[in-house]
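Here the structure comes first, spelled out in structure tokens, and everything after it is commentary.
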Amino acid sequence: MKYEFSTIERKWQARWQEHNTFATGSEADKPKFYILDMFPYPSGTGLHVGHLEGYTASDITARYKRSCGYNVLHPMGWDAFGLPAEQFAIKTGTHPKTTTEHNIRSFKETLQAMGFSYDWSREINTTDPGYFKWTQWIFLQLYDRGLAYMSEVDVNWCEELKTVLANEEVEEKIAAGYTVMRRPLRQWVLKITAYAERLLADLDELEWPENVKQMQRNWIGRSEGTEIDFELRCHNRKLKVYTTRPDTLFGATYLVISPEHPLAEKLATAEQLVEVKNYISRAKLKTELERTGLQKEKTGVFSGSYAINPATGEPLPVWISDFVLTSYGTGAIMSVPAHDQRDWEFAKQYNLPVIEVIKSPHDVNEKVFEEKESICVNSSNSEVTLDGLSFSDAFDRMASWLERKKLGERKVNYKLRDWIFSRQRYWGEPIPIKHYEDGTLRTETNLPLVLPEVEAYHPSSTGESPLANIKHWLYGNDEHGSFRRETNTMPQWAGSCWYYLRFIDPDNREKLIDQEKEKYWMNVDLYIGGAEHAVLHLLYARFWHKVLFDIGVVSTREPFRKLFNQGMILGEDNEKMSKSRGNVIPADDVLKNYGADAVRLYEMFLGPLEQVKPWNTNGIEGVSRFLSKVWRLVYPLDKNAPDGEGTPSKLSSGAMSEELQRRMHKTIKKVGEDTENLKFNTAIAEMMVFVNELQKAGCNNREAVETLLLLVAPYAPHIAEELWEAIGYTSSISLQPFPAFNPELVEDSVLTIAVQVNGKLRGTFTAPAKSPKELLLEEAKKVESVIKFLEGKTIVREIVIVDKLVNFAVK
RNA sequence: GCCGAAGUGGCGGAAUUGGUAGACGCCCGGGACUUAAAAUCCCGUGUUCAGCAAUGGACGUACGGGUUCGAUUCCCGUCUUCGGCACCA
């Protein structure tokens, strides 16, 4: 009988569905395992082979864990709000809901055709009112705790298009000839900074790739420093700066404030005023990119005012420059050009003095010296001296002196900014807030607040979302008076911030999640997804999770115990898959040509899961051949039988050779360990070795074949089911336990021992395992190819590693 | 510039408490079966030198050093590629 993958795969997919084979169990007596994929945005372009990599890995793990006796939660859903469907709606008038539904259907078909063992009864969709009711509910919890607030935030505003642009759209529009400027707009902002310290500290307990944790640490960007007040001459004011190098205060020769600093214009003296005003308005026109962009030259303008260095009493000119960020620290810095690259460049450009206060190996007028591992010099006044101190001692002494004199205080700062949470879009969760005429805000109590139908999906000309045009939805009355609804919607991140919780209890109408269920299933034991979400998605989700922890909705401090990033799959040309390059391999194509089992195997056989690696459609032949070999162990090739006929051969019940037995137990061990550790490529290689040896030996021993099928089942479940049935079983192989190995049979009884002379391989011989050193030495000296390298030489040393090798050091 | 990861045959990759480099697979070459082909099976396949051949030698894990009886693995330096951040004071 021929191996017809398409018939078999359809048959088993239907049967799994019919029998609810992969429904999540509820028995709390079993250990649980929650394995989660980063759920997809159902785009119109469909899935390609790259998308399937992580899903295949998680499915193998889910099936493997089930066979190890775990109660497995393995769900899938759709992150379905988002820009592409809205843009398509603007172009064609198709409701985003229609587009989304259509795409979901297509995505789901592909995933089901892959034979993934998702519990589809738990499918969720972030655009479903039953789902986003709780997204809105979480927002209100944030709001009630002061973690959601409104603020004037600069956005990218395009006057011609009357719309707000996302950062990634800016460049494209400018290239198309539009002007884009920064303009403040009232926005909802989430106070993620209030959780900065916990988001940083709790990273330590997570089993995440070290680079992801490091990226999050850098993103949070904690630094310890000092805020210092500088007295302004001629003004009865102080200027506060933040520095991480108070040890260099004696070397500060000027101050710089950002153009948006509230004092910027006020500090301008009469003769400098025009120039200052010009500079400030020019800065406004610059986009974020132009201001922070690569390697740009520093610009600045002198305000005309001076401040006093509290350590030296010297007057310091105050400059205005856009290299100083408004939103970090105090928006003002003290410049120590001798020991900071940026300050040095600025000083050289505007001819400002450079004073060495950290002992430098070269002239600081020629080159900056930024190392901390040196001692302070030129740093004394009548009350305090830092001379001779190391960085940390000098830091402490200066900070203490400033604090004692009430001139400053120690301060911890973070690069992390609060999260701008509103979008001027239609296709997102409405923010459930009502604005009353007297300016008060009230929360919408009747959730979910659903999207109204609209005529056109274009943004309104005021920069508000299309919702601002829907008058009947927009305005209303209640016992508090008449109100206008919030027209902003939530960003796409919102729905994905907590979806892993809803999978645990998807149909709960009373609560976000049942507490007992939450306690049983959390944390997510393994979260698999792309590295592109290393920072934002994972940080936002951790933030919401911590808030939910604080209000008692969840019982764990962190959502995802273990994280794994699968490496991207490149096109056959070694480039990132993209429509424009034309190198996309659509999932449906390879599925049709090779079948789900082969695609699953090949996705994993390509290389280590975490690695970036190119796709090569030719390579599928290899795993296809492997599957045929497995098939023929049960249905041997019979030239006389016409296709479509033939019966499974009778499996032999006699004993296997000892060699094959050892091979089998080694394979069980290796495949089990590798699967556990997500090293699927080597597990598959090991199964190939086993099959090759069975085939070579002409062995169709029942125990060997059954074991093989059980090992193959998590990887290529359809063929495993079909053959399992063919050899006489009536219950699904997916419900069978993973085979166990005999520890005594995983080691070879006879080993090949290498013989080296001066570290070079000169021959080998075989010896029983655990042979004594003396015997190995004796044998090694008898090996013919070795003898000639020993002749006429003196053996100075003999090294014997039992079961491995003998090495003679000769002279 | 800073942080992180990685460089192994024609290709994807395997092997690291230091112990026979190249498992497994693709491609390619040769053979068997076949009227023929497909499928399948068998053999070969890092480079290079010597030899008719069996075979034997040298070199070889980005590059240059070092430690060691022995290094893909450990140490020092250099180069390259990829990912992230990018004036955060």
Side-chain angles (χ1 to χ4, degrees), chain A residues 2 209-219 221-223 225 241-245 248 252 256 291-296 298 321-325 327-336 339-343 345-346 413-417 531-532 534-535 565 567-568 570 574 576 601-602 605-608 610-626 628-629 632 637 639 679 681-689 691-692 695-696 752-764 785 788 795-801 803-810:
Chain A
K2 241 179 111 186
E210 206 44 54
N211 66 317
V212 175
K213 291 207 238 181
Q214 200 53 44
M215 276 162 72
Q216 293 220 346
R217 286 190 194 106
N218 293 342
W219 192 264
R222 183 183 197 274
S223 73
V241 309
Y242 174 71
T243 180
T244 54
R245 296 295 303 274
T248 61
V256 189
R291 272 186 70 159
T292 60
L294 317 140
Q295 289 283 321
K296 71 173 194 65
K298 290 189 173 35
S321 170
D322 65 6
F323 85 82
V324 174
L325 304 176
S327 45
Y328 183 77
T330 60
I333 62 161
M334 67 176 211
S335 279
V336 185
H339 307 293
D340 182 283
Q341 181 68 35
R342 298 152 303 181
D343 296 347
E345 283 168 19
F346 196 81
N413 256 325
Y414 301 91
K415 289 190 204 174
L416 184 69
R417 308 291 157 79
E532 65 273 22
V535 178
N565 291 132
M568 203 191 322
L570 306 174
N574 239 305
K576 192 173 169 169
L601 277 175
Y602 189 57
F605 189 61
L606 222 40
E610 69 277 12
Q611 199 165 298
V612 177
K613 46 211 175 283
W615 181 265
N616 176 6
T617 300
N618 276 339
I620 304 189
E621 295 296 343
V623 294
S624 280
R625 279 177 201 146
F626 165 73
S628 301
K629 288 180 194 175
R632 288 199 305 270
L637 204 58
K639 272 176 278 190
K679 289 168 148 184
N681 55 329
T682 48
I684 294 167
E686 187 71 12
M687 290 189 265
M688 287 174 166
V689 171
V691 169
N692 288 345
Q695 184 185 289
K696 238 177 234 172
T752 305
I753 308 296
V755 187
Q756 299 181 333
V757 177
N758 283 342
K760 290 195 178 178
L761 182 70
R762 296 303 182 187
T764 60
S785 57
K788 61 182 177 188
I795 297 177
V796 275
R797 207 171 147 189
E798 294 167 334
I799 293 111
V800 183
I801 309 292
D803 290 352
K804 290 269 183 196
L805 62 54
V806 176
N807 186 11
F808 297 106
V810 302

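Residue numbering restarts at 1 for every chain, and letters A, B, ... go by the order of the sequence lines. Quick note: numbers below take in every heavy atom, side chains included, and nothing from hydrogens, waters or symmetry partners.
Side-chain proximity of A:K788 to the nucleotides B:G57, B:A89, B:G13 is greatest for B:G57. Among the nucleotides B:C3, B:A89, B:C27, the one closest to any side-chain atom of A:Q214 is B:C3. Which of B:A89, B:A21, B:G12 sits closest to the side chain of A:L761 comes down to B:A21. Distances from the side chain of A:L325 to the nucleotides B:G12, B:A23, B:A89 place B:A89 closest. Of the candidates B:C69, B:C3, B:C41, the closest approach to any side-chain atom of A:N218 belongs to B:C3. Here the side chain of A:L805 is nearest to one of B:U20, B:A89, B:C24, namely B:U20. Taking the side chain of A:K613 as heavy atoms from C-beta on, and the options B:G13, B:C69, B:G25, the nearest nucleotide is B:G13. When distances are taken from the side chain of A:S223 to each of B:A89, B:U20, B:A23, the shortest belongs to B:A89.
For the P atoms, the distance linking B:G19 with B:U55 amounts to 29 Å, nearest Å. Separation of the C1' atoms belonging to B:G7 and B:U73 is 14 Å when rounded to the nearest angstrom. Comparing the P positions of B:G70 and B:A54 gives an interatomic distance of 33 Å, to the nearest angstrom. For B:G83 and B:G30, the C1' atoms lie 45 Å apart once the distance is rounded to whole Å. Nucleotides B:G9 and B:A15, compared at atom C1', are 15 Å apart to the nearest Å. Taking atom P in both B:A21 and B:U72, the straight-line distance is 9 Å, to the nearest Å. Rounded to whole Å, the C1' atom of B:G13 lies 42 Å from the corresponding atom of B:C87. Here, B:C76 and B:G25 have their P atoms 39 Å apart, quoted to the whole Å.
Between A:Y242 and A:Y328, the angle of the ring planes goes over 60°, which puts this pair in the perpendicular group of the 30/60° scheme.
Rounded to whole Å, the distance from CZ on A:F626 to P on B:G12 is 23 Å. Spacing between atom CE of A:M688 and atom P of B:G25 amounts to 6 Å, rounded to whole angstrom units. To the nearest angstrom, P of B:C3 lies 12 Å from NZ of A:K415. Atom C1' of nucleotide B:C11 and atom CG of A:L606 are separated by 12 Å, given to the nearest angstrom. With rounding to whole Å, A:E210 atom CD is found 12 Å from B:A6 atom P. Across the protein-nucleic acid pair, A:R625 atom CZ and B:C42 atom C1' stand 14 Å apart, rounded to whole Å. Nucleotide B:C85 holds its P atom 20 Å from the NZ atom of A:K213, rounded to whole Å. Separating the OH atom of A:Y328 from the P atom of B:A89 is a distance of 4 Å, rounded to the nearest angstrom.
Base orientation at B:G9 is syn, since its O4'-C1' glycosidic dihedral falls within 90° of 0.
Atom CG in A:D803 sits 5.5 Å away from atom CD1 in A:I753 (nearest 0.5 Å). The CZ atom of A:R217 sits 5.5 Å away from atom CD of A:E210, with the distance rounded to the nearest 0.5 Å. Distance check, rounded to the nearest 0.5 Å: OH of A:Y602 to CG of A:N616 gives 4.5 Å. In this structure, CD1 on A:I333 lies 13.5 Å from CZ on A:R245, to the nearest 0.5 angstrom. Rounding to the nearest 0.5 angstrom, the gap separating the CG atom in A:N211 from the CD atom in A:E610 is 10.5 Å.
Under 4.0 angstrom from either OP1 or OP2 of B:C59 there lies at least one side-chain N or O belonging to A:K760. Distances shown here put a side-chain N or O of A:Q695 below 4.0 Å from the OP1 or OP2 atom of B:C41. At least one side-chain nitrogen or oxygen of A:R632 sits closer than 4.0 Å to the OP1 or OP2 atom of B:C41. Phosphate contact (OP1/OP2 of B:C24, side-chain N/O of A:N692, threshold under 4.0 Å): absent. Applying the 4.0 Å criterion to OP1 and OP2 of B:C24, one finds that A:T682 has every side-chain N and O outside that range.
Nucleic acid contact class of A:K804 (heavy atoms, under 4.0 Å, all strands): sugar-phosphate only. Note on A:K576: nothing from the nucleic acid sits closer than 4.0 angstrom, heavy atoms only. Note on A:R762: only backbone sugar-phosphate atoms sit closer than 4.0 angstrom, heavy atoms only; bases stay farther off. Contact annotation for A:T764: base contact, defined as any heavy-atom pair under 4.0 Å involving a base atom. When heavy atoms are screened at a 4.0 angstrom cut-off, A:Q756 is found touching base atoms of the nucleic acid. Residue contacts shown for A:P209 are absent, as no nucleic acid heavy atom lies under 4.0 Å away. Backbone-only contact: A:Q611 has heavy atoms under 4.0 Å from sugar-phosphate atoms and none from a base. The residue A:K679 sits apart from the nucleic acid: no heavy atom pair falls under 4.0 Å.
Under the 3.5 Å distance criterion, with hydrogens and angles disregarded, a donor-acceptor pair is assigned to the side chains of A:K629 and A:N692.
Base-pair partner of B:A38: not found among the strands shown (Watson-Crick or G-U wobble, both distances under 3.5 Å). Checking B:A50 for Watson-Crick or G-U wobble geometry (two distances, each under 3.5 Å) identifies B:U55 as its partner. Both distances falling under 3.5 Å, in either a Watson-Crick or a G-U wobble arrangement, place B:C82 opposite B:G4. Here B:U73 sits opposite no nucleotide as a Watson-Crick or G-U wobble pair (both hydrogen-bonding atom distances under 3.5 Å). Nucleotide B:G60: unpaired (no Watson-Crick or G-U wobble partner with both distances less than 3.5 Å).
Summarising the local packing, NZ of A:K613 is surrounded by more than 12 heavy atoms from other residues, nucleotides or ligands at distances under 6.0 Å.
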Walk me through it: do A:F346 and A:S321 pass the test side-chain contact (heavy atoms from CB on, under 4.5 Å)? CA-CA 9 Å; A:F346 196 81; A:S321 170; 3.8 Å; yes

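Both A:T752 and A:D343 lie close to RNA chain B; mapped to their nearest nucleotides by heavy-atom distance, the more 5′-ward contact belongs to A:T752. Along RNA chain B, the nucleotide closest to A:A809 and the one closest to A:N618 are compared, and the more 5′ of them pairs with A:N618.
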